[in-house]
Amino acid sequence: MSMTRLTSSQRRRGFFLVLVLIVIVVATMAAYSFTGLMLAYDESAYLAGDLVQARVAVESGAEAIRLLLAQPPDMRYDYGGVINNPTMFQAVNVSQGIDGLTPCNFTVVAPDLNEVGQLSGLRFGLQNESARLNINTLAILSENSETLLAAQVLASQDDPDAVVADDIAISLLMALPGMTEDVADAILDWLDEDEEARELGAEAEYYNTLETPYSPANGPMRSVEELLLVRGVTPTLLFGADINRNGMLDPDEQTRFNASVDTPGALGWAAYLTVHGAEANKRSDGSLRVNVNKSDLEVLYEDLLAALGDETYASFIVAYRIAGQSSAVAAASGGGNRAGGEPWSVDLLDQLDLSGGGGTEFTQILDVIDATVSIEARGNTTTYSSPFASDIVSMALYLPLLMDALSTQDVDLMPGRINLNRCPAELLYGIPILDEETVDLILEARQQESDDPNRQYETWPMVEGIVTLDQMRQLLPLWTGGGDVYRAQIVGYFETIGASHRSEVIFDATTVNPKIIGWRDLSHLGRGFDLSVLGMRSNLEMTLTQ
């Protein structure tokens, strides 16, 4: 057998062939890797573009809300309102995409209340910040609790088991699920200006002993999250089981925390609290209210005549400023709730000097109810009764006009009170002036749909006979039927792909041009809602055409 021996030149050619093959493989792998990288970059660029589009959809939703809030309340109502209006707030299309096949929408979602006033379910609209307890008003309420104590004691006389609270701020805080007295005291210590700790509270002496020491604010909070700095407040207490902050309990949250929407505190204290609640001192048509404590009584009379359209009403209010007495003052001095007297007539205003100014000021608009005016003529003093009587039929007629048109303060903005029409039941139960039975009646009444204009104002429980005039006088500084700061949870999303953006936006509509005063990006917590909830425009249009 013979063997063929390779020459050196043949061996070199074989080596170069192997080398070429290796280069080809490496080049192929490099090309493949480069192609994969470019495809990844391409997909990333498209995804980034989709995320930008989703964020722009949220911004478009915010601008649409600002445009709606720029309208007077009456006009907003004509558009369907801002509380539950799927036409304006569900699956609003912003873009159909470059190909016209990838629609991008925004939806505004809010937690709803069930029939007993508990947070449950969803609606499409805004949240009135006055439906929450404004933390920054607690220090003021605590300082003025003595003015409410008399009404609490009076209410407790008919109920030997009633507990009379000596601090309304504590009472409101204790209504929150899971709140304890020591945490409530610590919150008020954080808010008040002094350095003296309450009985169960905490001031700088405690916070300076922590591993990372800091000092309490001793003033207003800038956000609800600031409560996490207060002794005893934990993330679980503040946010509950609502991990993704969408205002409801998703199935995985219910499983993880073994909680349901009926579990007390399931959504945390953040669902009940705010730092933004406020009201504009304006009428429902957007015009300014008339300040009944205006010093120039001649101008006041003309303003009242234009606002109320009734000479009897306008003349009595001006006369009250000169020589009037409210029924509350008469009752306190032993004169009963209504002193009575001759009926008031417009002609009697001629016997009063409007140029001298008024010696009596209104503490609240309800002072005119059952009030009296005493006029001295020829050595005799005659007492005249108010045209604003306290019977339910009369109040139902004149109170919407008075509450809408008049104010006792010459201010543009009023601190946020609790909106009794939209707030959770817990906040109503926390008002010590009201017993549980009265709150139950209010909750039952507000379930019923009504076009009565009285329902727009905080006096409707009195008009419907649920609370008395004396109780309403005490409640007026605490609750309202309105509020002009709103919260919106806006979701921008695509119908056919998964990109989305979610933000929580706070709108201040107390001015002619509503301002955005808070913006929190929640996208890192996920979209928060299924497409079936957010809505698909194509499905909605198909439903509307059927």
Side-chain angles (χ1 to χ4, degrees), residues 72-77 81-83 117 128-131 134 277-292 304 307-310 313 317 326 328 362-370 386-409 411 413-423 427-428 431 433-434 438-439 441-486 509-510:
D74 286 348
M75 191 170 294
R76 297 177 207 161
Y77 181 80
V82 299
I83 298 301
N128 190 328
E129 284 297 277
S130 292
N134 191 332
E279 304 168 56
N281 199 11
K282 293 181 180 180
R283 305 181 64 176
S284 57
D285 63 2
S287 61
L288 296 176
R289 290 185 172 126
V290 176
N291 176 20
V292 292
L304 289 171
L308 303 178
D310 189 298
Y313 289 174
I317 291 173
S326 75
F362 286 86
T363 57
Q364 55 181 234
I365 299 302
L366 298 185
D367 287 347
V368 299
I369 299 179
D370 287 345
S386 171
F388 305 102
S390 61
D391 63 279
I392 291 179
V393 175
S394 298
M395 290 192 297
L397 295 175
Y398 66 72
L399 269 178
L401 181 61
L402 296 188
M403 299 304 295
D404 183 51
L406 307 183
S407 172
T408 60
Q409 304 176 64
V411 295
L413 187 68
M414 297 181 292
R417 297 174 290 172
I418 299 172
N419 185 310
L420 82 159
N421 294 321
R422 299 300 314 170
C423 73
L427 297 184
L428 292 180
I431 299 176
I433 298 170
L434 303 174
T438 302
V439 174
L441 290 174
I442 293 173
L443 293 173
E444 181 181 351
R446 76 179 191 180
Q447 292 177 40
Q448 304 164 4
E449 295 291 335
S450 175
D451 57 0
D452 183 356
N454 280 287
R455 283 297 183 97
Q456 302 176 38
Y457 308 100
E458 55 270 31
T459 49
W460 71 260
M462 178 177 66
V463 172
E464 297 186 17
I466 299 176
V467 301
T468 66
L469 175 58
D470 289 334
Q471 287 177 312
M472 183 54 62
R473 285 194 171 105
Q474 301 294 328
L475 289 166
L476 215 57
L478 300 177
W479 68 18
T480 179
D484 294 286
V485 179
Y486 296 90
T510 59

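Here the structure is a predicted model, which is why all the values come from computation and not from measurement.
At distances below 3.5 Å, not a single donor-acceptor pair connects side-chain atoms of Asn419 with backbone N or O atoms of Ser130. Distance alone, capped at 3.5 Å, places no donor-acceptor pair between the Arg473 side chain and the Gln364 backbone. Side chain of Asn134 to main chain of Gly277: a donor-acceptor pair is present (N/O by atom type, distance under 3.5 Å, no hydrogens or angles). No donor-acceptor distance shorter than 3.5 angstrom exists from the side chain of Asp367 to the backbone of Ser326, with no hydrogens or angles considered. In this structure, the side chain of Asn128 engages the main chain of Gly482 through a donor-acceptor pair within 3.5 Å.
Using a 4.5 Å cut-off on side-chain heavy atoms (C-beta onward), Val368 and Val292 make no contact. Put simply, the side chain of Leu475 reaches to within 4.5 Å of the side chain of Leu434, judged on heavy atoms. At a threshold of 4.5 Å between non-hydrogen side-chain atoms, the residues Leu406 and Arg289 do not count as touching. Taking 4.5 Å as the limit, every side-chain heavy atom of Tyr398 sits out of range of all side-chain heavy atoms of Asp310. Under the 4.5 Å side-chain criterion, counting only non-hydrogen atoms from C-beta, Leu428 is in contact with Trp479. Residues Tyr313 and Leu304 are not in side-chain contact: their nearest non-hydrogen atoms beyond the backbone lie 4.5 Å or more apart. For the pair Leu401 and Leu308, the minimum side-chain heavy-atom distance is below 4.5 Å. Within the 4.5 Å cutoff, the side chain of Arg417 has no heavy atoms near those of the Leu478 side chain.
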Ile365 vs Phe388, side-chain contact (heavy atoms from CB on, under 4.5 Å): CA-CA, chis, key distance, verdict: CA-CA 11 Å; Ile365 299 302; Phe388 305 102; over 6 Å; no
Verdict with reasoning, Thr459 to Leu402, per side-chain contact (heavy atoms from CB on, under 4.5 Å): CA-CA 11 Å; Thr459 49; Leu402 296 188; over 6 Å; no
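A distance of 14.0 Å separates CZ in Phe362 from CD in Gln409, rounded to the nearest 0.5 Å. With values rounded to the nearest 0.5 angstrom, Ser284 atom OG is found 12.5 Å from Met403 atom CE. In this structure, CG on Leu469 lies 6.5 Å from CG on Asp370, to the nearest 0.5 angstrom. Remark: Leu399 CG to Ile369 CD1 distance equals 5.0 Å, nearest 0.5 Å. If you take CD1 on Ile466 and CG on Leu441, they are separated by 5.5 Å, rounding to the nearest 0.5 Å. The SG atom of Cys423 sits 6.0 Å away from atom CD1 of Ile418, with the distance rounded to the nearest 0.5 Å.
Of all heavy-atom pairs between Ile433 and Gln474, the closest is CD1-CB, 3.4 Å. Closest of all the heavy-atom pairs between Leu413 and Ala278 is CD1-CB, 3.7 Å. Across every non-hydrogen atom of Asp404 and Arg283, the tightest pair is O-CG, 3.2 Å. Between Asp484 and Ala280, the shortest heavy-atom contact is OD2-N, 2.8 Å. Residues Lys282 and Thr510 approach most closely at NZ-O, 3.6 Å, considering heavy atoms. Residue Ile392 comes nearest to Met462 through the heavy atom pair CG1-O, 4.4 Å, listed as atom of the first residue, atom of the second, then distance.
Checking Glu279 against Thr480 by side-chain atom types alone, a donor-acceptor pair falls below 3.5 Å. Under the 3.5 Å distance criterion, with hydrogens and angles disregarded, no donor-acceptor pair is assigned to the side chains of Asp470 and Thr468.
Applying the salt bridge (charged side-chain N to carboxylate O under 4.0 Å, His left out) criterion to Arg76, with sequence neighbours excluded, gives no partner residue. For Tyr486, the ring-ring contact (aromatic ring centres under 6.0 Å, His included) criterion is met by no residue, not counting sequence neighbours.
Classification of Arg455 and Glu464 as a salt-bridged pair holds, one side-chain N sitting under 4.0 Å from a carboxylate O.
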